[in-house]
Amino acid sequence: MNKPALIALTLPFLFAGCASGPSAEEQAAMVADARKASGALIQKLGGELKTALGEKGPDGAIGVCKERAPQIAADVSKQSGFEVKRVSPKNRNPAGVPDAWEAQAQAGLEKRLAAGEKPETLDTWQVVSTSTGKQFRYAKALPVQPVCLSCHGDSAAIPDGVKARLAAEYPLDKATGYGPGMVRGIVSVKRPL
Ligand code: HEC
């Protein structure tokens, strides 16, 4: 076989090797980092929400969610090097629409929750191929707790002042009607590889 033919035959295999993606160790490290990033968002936002609920009540705390949730997500993204955000199939923030991977991830997490897994540690991840290359994707479930109900529960659970604020600030709101134990949404974490 002449040399160019040999190179032509070998090259695709070399590239296939490159495209096979991160090793198991690299993936485990990314999962640990993604867990840290989603945990940081949940802790910071949860803390500020608790404080605001105590100081201003649920209708006053809506402003905190509106302004601080996207800011905290942006801060955590910057610090972690991932793109970190919250999404939900029944989104309140118009920017919170899940993409296909996120929707599927949440559906899978809901099934695992229904099968008896603990909500606190419910997460999933995958390395996916896209038209622009490989991506690391991670999702952590955000289960509904009693504290969420005054802003995300059914009509009877939401005080009138909150209803009025939500109608004014989020006219396209879909994020009500939840009960304890449901999955409100996910923290979505991703990074190109
Ligand atoms: C004080 C009212 C309030 C409480 C309590 C509250 N939320 Fe929200 N939630 C909001 C508002 C307002 C938004 C929209 C924030 C924005 O504009 O980004 C929101 C958005 C979200 C989103 C982003 C997806 C979307 O629908 O836009 C998730 C996920 C979420 N909330 C989960 C929860 C969970 C879980 C709890 C309980 C631990 C909770 N929330 C408690 C008011 C509240």
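Note that this is a predicted model, so its numbers are computed, not measured. In listed order, ligands and their atoms are each counted from 1.
Neighbouring protein atoms of atom 8 (Fe) of ligand 1 (N, O or S, distance under 2.8 Å, waters ignored): His152 NE2.
Every atom of ligand 1 with a heavy atom of Pro58 under 4.0 Å away is listed here by number and element: 1 (C). In the vicinity of Lys66, heavy-atom distances shorter than 4.0 Å reach the ligand 1 atoms 17 (O). Taking a cut-off of under 4.0 Å to the non-hydrogen atoms of Ala61, the atoms of ligand 1 that pass are 1 (C).
Counting only heavy atoms of the protein, atom 14 (C) of ligand 1 lies nearest to Tyr170 OH, 3.4 Å. The closest protein non-hydrogen atom to atom 29 (C) of ligand 1 is Leu142 CD1, 3.5 Å. Looking only at heavy atoms of the protein, atom 27 (O) of ligand 1 is closest to Asn93 N, 2.7 Å. Among protein heavy atoms, the minimum distance from atom 20 (C) of ligand 1 is reached at Arg86 NH2, 3.3 Å. The protein heavy-atom contact nearest to atom 5 (C) of ligand 1 is Val147 O, 3.4 Å.
Side-chain contact between Arg184 and Arg86: absent, with no pair of heavy atoms (C-beta onward) separated by less than 4.5 Å. In this structure, Leu166 and Arg92 have side chains that are in contact, with non-hydrogen atoms separated by less than 4.5 Å. A heavy-atom distance below 4.5 Å is found between the side chains of Ser155 and Lys163.
Tyr178 belongs to a hydrophobic cluster whose other members, connected by ILVMFWY side-chain contacts under 4.5 Å either directly or through intermediates, are Val144, Leu149, Met182. Think of Val187 as one node in a network of Ile, Leu, Val, Met, Phe, Trp and Tyr side chains linked at under 4.5 Å; its network also takes in Met30, Val31, Leu41, Ile42, Leu45, Ile72, Val76, Phe82, Val84, Trp125, Val127, Phe136, Tyr138, Leu142, Val189, Leu193. Chaining together hydrophobic side chains whose heavy atoms lie under 4.5 Å apart places Leu49 alongside Leu53, Val147.
Taken from CD in Gln43 to OG in Ser38, the straight-line distance is 11.0 Å, to the nearest 0.5 Å. Here the straight-line distance linking atom CD of Glu110 with atom CG of Leu122 works out to 9.5 Å at 0.5 Å rounding. The CG atom of Asn93 sits 11.0 Å away from atom NZ of Lys174, with the distance rounded to the nearest 0.5 Å.
The part of Pro143 lying near ligand 1 is the backbone, judged by heavy-atom distances below 4.0 Å.
For the residue pair Thr130/Gln135, the side-chain donor-acceptor check at 3.5 Å is not satisfied.
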